[in-house]
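Take a look at the structure set out below.
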Amino acid sequence: MAVAFVVTVAACGSTTQSATPKTYTGTLTFASFNPFTGPDASFGPEMQAGCIVAAHLINKAGGVLGHQVQCITVDTRGDPADAVPAAQKMIATTSNLVGMNGPSSDEAQATVPIINRAHIPMFADTGQAAFDKNSNDYFWRLTPPDDAAGIAMAIYAYRKGYRRGAAVFGSDLSSQSNVPTLVSTFKKLGGQIVLNQSLALDQSSYRSEVQAAVAANPDVIFTEADPQTDAAYLSQLQQLHGLIPVIGTEPTIQPAWIKAVGGAIGKANLAQIYAAAQPYAPSQGPAWKVFNTELLASASEIPQPDQWAQDPYTQTDYDAIVTMALAMIMANTPDPSFFNQQIANVVADSPGATEVHSYQEGKDALAAGKKIHYVGAGGPIVLDKYHNSSGAFQVAGYATDGSNPQLDIVSAADIAKYA
Amino acid sequence: MSQLVPAIGFGLITASILAIAAVGFTLQFSVTNILNLAYGDVMTASAFAAYIANHAGVDIWLSLLMAALFGAVFSMLLNRFVYFQFVRRGTRLFGMIIVTIAMSLIIQNVLLAVFRPTFFSYEVSASASYTFAGMILTGSQLAIMGIAVVAMVSVHLLSTRTRLGKAMRATATNPGLARSCGVATDRVIDVAWLLSGALCGIAGVVLVLNTATFSEVTGANFLVPIIAAAVLGGIGQPYGAMLGAVTIGLASEVAASVINPSYKDVVAFAILIVVLLVRPQGILSEVASGKEVAA
């Protein structure tokens with residue numbers, strides 16, 4: 001009786017892998033699980049663009065194991081209170097859900113365990129350092145964590161000669177996760193954080209906060225906040241004092257942030273003061289060319305597709321879908337409980353492996369009985385034992401023609417020194 | 001201390017925007033007893049109306065007047081074609097709150113569909129800064145404060161010196177009795193929505209002038225401080241809303257200058273709670289819950 005009880009409890013507490021894969025009929029579904037509304041609404045379209053491009057190319061290549069694939073969007077609103085029911089609904093109601101991109105930092109802590117329990121491979125764009133030593137089998141991350149972004153910002157600022165920094169970040173979890181390493185690295189380098197402000201989002205006025213910043217006399221402002229918050233803050237700084245050089249994070253290089261802040265302070269002014277650290281994606285090479293060609297041909301589904309051409313997150317979201325599709329072929333099933341174990345093998349640079357740069361190349365190589373090493377649009381993927389792949393950072397500026405010229409590269413080795 | 005005086009100046013700007021919005025909000029509530037939670041979205045829609053005019057080459061101050069006109073007409077039509085239909089069917093105070101929340105979501109999503117999820121700014125020429133007693137204010141901010149003063153004085157004069165004002169106060173106090181005494185309450189209610197909408201439209205534009213950029217949710221994000229100012233002063237009391245706006249505006253800016261800025265809302269709402277504990281009906285008001293809904 002006692003044994004039966006223990007077995008029953010154990011069965012209730014975990015889901016176990018069945019001995020044989022599930023059978024799938026019809027189209028396979030990948031979800032973009034991210035904010036599409038709310039303060040971080042720019043994250044979702046960036047992610048969905050990568051998924052759509054990958055799905056087009058997979059379908060053009062004949063699909064995966066005879067299945068066509070599709071992308072759906074699941075709006076988390078950037079809030080765990082909305083994201084948890086959204087995750088539960090997605091898992092319960094989406095037919096043939098085999099993988100997903102997301103979640104973001106806003107909802108990762110709350111939703112990763114739910115998705116992991118459902119055995120859905122997730123390629124998260126969360127930057128939270130809590131996942132640096134991730135223990136969830138179905139969690140994967142191809143972009144560096146936020147604490148690495150903080151280090152990159154500090155190194156670039158110091159190289160530029162800035163010694164007095166003001167950390168002006170939104171009070172949301174996603175923005176605040178950059179702050180500890182930014183502050184500690186800038187201090188280690190010899191700089192001084194003269195002010196550390198946490199901004200309540202979307203206020204009508206930040207003049208008192210700006211006044212405090214001006215009084216601290218920084219020579220650079222480090223920032224990440226939603227577009228309206230930073231636009232109001234910087235326009236009020238412009239009114240009260242004049243602009244100060246700004247170094248932002250990857251969300252500040254999003255079109256929505258650039259449009260809001262550029263509209264508030266003037267594009268020419270923004271071009272003079274702005275730089276942002278974002279994960280380095282070379283935006284060149286054979287894999288990127290395949291991605292970019294299909295991206296630019298997808299205007300009917302992706303508004304202004306060229307805005308994502310150099311976006312490292314869109315590129316890695318694309319790579320995530322391609323990697324999962326190739327893992328399905330290697331496992332000979334779209335069942336996530338089986339192909340999840342093959343994901344690391346798709347990107348591993350193992351001896352004798354054939355380097356491939358697209359789904360089509362990978363599919364052909366696997367059909368020919370070869371081992372593959374997928375090098376993606378975002379560059380090589382080197383997964384550690386925690387399912388994380390990070391790398392260098394690119395510091396980009398802003399030009400009034402809308403482009404983001406590269407200003408500097410902060411290498412992975414430099415970041416590792418301060419991690 | 002050196003940052004306290006400028007913070008008071010900044011608080012007066014915030015208070016000016018809040019006052020315009022809160023007086024419009026409470027003026028309509030006092031006459032109709034409908035807690036219109038779509039008010040912030042009408043602000044946003046008016047801000048978009050001004051944006052269209054402004055980007056067609058119209059000066060921003062003229063665009064502001066057009067936004068006031070848009071807000072007035074939109075609010076009156078909103079009442080005529082939506083809220084009134086529910087009131088006629090006997091929907092009470094809390095039912096009407098749900099209806100206004102629904103309208104809020106509908107307006108937001110229509111704006112989102114029409115204008116897409118991005119941010120917008122007005123074409124405004126840079127204005128000079130002026131320093132008074134340690135307070136730094138730009139020409140635009142002085143204009144916002146001036147607009148607020150003119151709006152408040154106008155509401156005061158309308159309310160105390162005109163037959164319409166008396167009719168509005170009578171309708172606000174007891175619509176049934178007002179009707180019995182020959183007051184055309186339907187017309188008075190239309191005028192209340194028009195006036196409230198005009199102030200709402202003005203508030204939408206001056207809010208955007210202050211934040212420099214806006215999206216489909218900007219007005220809705222500002223609704224909580226508006227309601228707080230209205231409730232603090234005594235819901236349904238225009239003078240109370242003015243007082244509430246000054247209190248909330250000053251408290252939030254002073255809090256941002258002397259403690260962690262992320263707590264500025266917390267301080268403002270802590271004051272609201274303390275005041276309501278001491279005086280539940282608000283600073284200047286009677287209790288409105290016993291009144292009937294009129295639209």
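Convention: sequence-line order gives letters A, B, ...; per-chain numbering from 1.
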Open item on the list: Ignoring hydrogens, what is the shortest heavy-atom contact between A/Ser204 and B/Leu207? Give both atom names and the distance.
Closed with: CB-CD1, 3.5 Å
Task: Side chains of A/Leu240 and B/Phe10 in contact at under 4.5 Å (non-hydrogen atoms) - done: yes
- [ ] Using a cut-off of 6.0 Å, state whether more than 12 heavy atoms not belonging to A/Gln310 lie near its atom CD.
- [x] no
Open item on the list: Only pairs of heavy atoms separated by less than 4.5 Å count here; which of B/Val124, B/Thr213, B/Ile17 has the most with chain A?
Closed with: B/Thr213
Open item on the list: If I measure from the heavy atoms of chain B, does A/Ala256 come under 4.5 Å with its side chain, its backbone, both, or neither?
Closed with: both
Task: Gap between atom CG of B/Asp265 and atom CG of A/Asp202 - 0.5 Å precision - done: 10.5 Å
TODO: Among the options A/Pro45, A/Ser171, A/Ala215, A/Ala232, pick out the one with the most heavy-atom pairs lying under 4.5 Å from chain B.
DONE: A/Ala232
- [ ] Identify which part of A/Gln236 has an atom lying under 4.5 Å from any heavy atom of chain B, answering side chain, backbone, both or neither.
- [x] side chain
Under 3.5 Å, sequence neighbours excluded: what are the donor-acceptor pairs made by side chains of residues 53-62 of chain B?
unit_1	atom_1	unit_2	atom_2	d
B/Asn54	OD1	B/Glu123	N	2.6
B/Asn54	ND2	B/Val58	O	3.1
B/Asn54	ND2	B/Glu123	O	3.4
B/His55	NE2	B/Ser121	O	2.8
B/Asp59	OD2	B/Trp61	N	2.9

Open item on the list: Could you go through A/Gln211 and B/Ser257, starting from their C-alpha distance and side-chain angles, then the distance that decides it, and tell me whether this counts as side chain to side chain donor-acceptor pair (under 3.5 Å)?
Closed with: CA-CA 8 Å; A/Gln211 188 71 17; B/Ser257 74; over 6 Å; no
TODO: For each of A/Ala231, A/Pro227, A/Gly266, A/Ala41, tally heavy-atom pairs with chain B at distances under 4.5 Å, and name the one with the top tally.
DONE: A/Pro227
Open item on the list: Could you measure the distance from the CG atom of A/Leu201 to the OG atom of B/Ser262? Nearest 0.5 Å is fine.
Closed with: 10.0 Å
Task: Under 4.5 Å from a heavy atom of chain A, the part of B/Leu137 involved - done: neither
Open item on the list: Heavy-atom count check: over 12 atoms from other residues, nucleotides or ligands less than 6.0 Å from B/Tyr263 OH?
Closed with: no
- [ ] Check the pair B/Glu253 / A/Gln203 against side chain to side chain contact (heavy atoms under 4.5 Å, CB included), numbers first and verdict last.
- [x] CA-CA 11 Å; B/Glu253 288 297 332; A/Gln203 300 289 306; over 6 Å; no
- [ ] Using a cut-off of under 4.5 Å on heavy-atom pairs, state which of B/Ala212, B/Ala255, B/Ser215 scores highest against chain A.
- [x] B/Ala212
Open item on the list: To the nearest 0.5 Å, what is the distance between CG on B/Leu112 and OG1 on A/Thr37?
Closed with: 8.5 Å
- [ ] Kindly indicate, with the supporting measurements, whether the criterion side chain to side chain donor-acceptor pair (under 3.5 Å) is fulfilled by A/Gln228 and B/Asn221.
- [x] CA-CA 11 Å; A/Gln228 186 157 341; B/Asn221 288 341; 5.1 Å; no
Task: From A/Tyr206 atom OH to B/Thr14 atom OG1, the distance as rounded to the nearest 0.5 Å - done: 11.0 Å
- [ ] Identify the heavy atoms of A/Lys259 and B/Phe120 that sit nearest to each other, and give their distance.
- [x] NZ-CE2, 4.1 Å
- [ ] Please flag which part of B/Thr138 lies under 4.5 Å from any non-hydrogen atom of chain A: side chain, backbone, both or neither.
- [x] side chain
TODO: Determine whether B/Asn210 and A/Ser205 make a side-chain contact, defined as any pair of heavy atoms from C-beta on separated by less than 4.5 Å.
DONE: yes
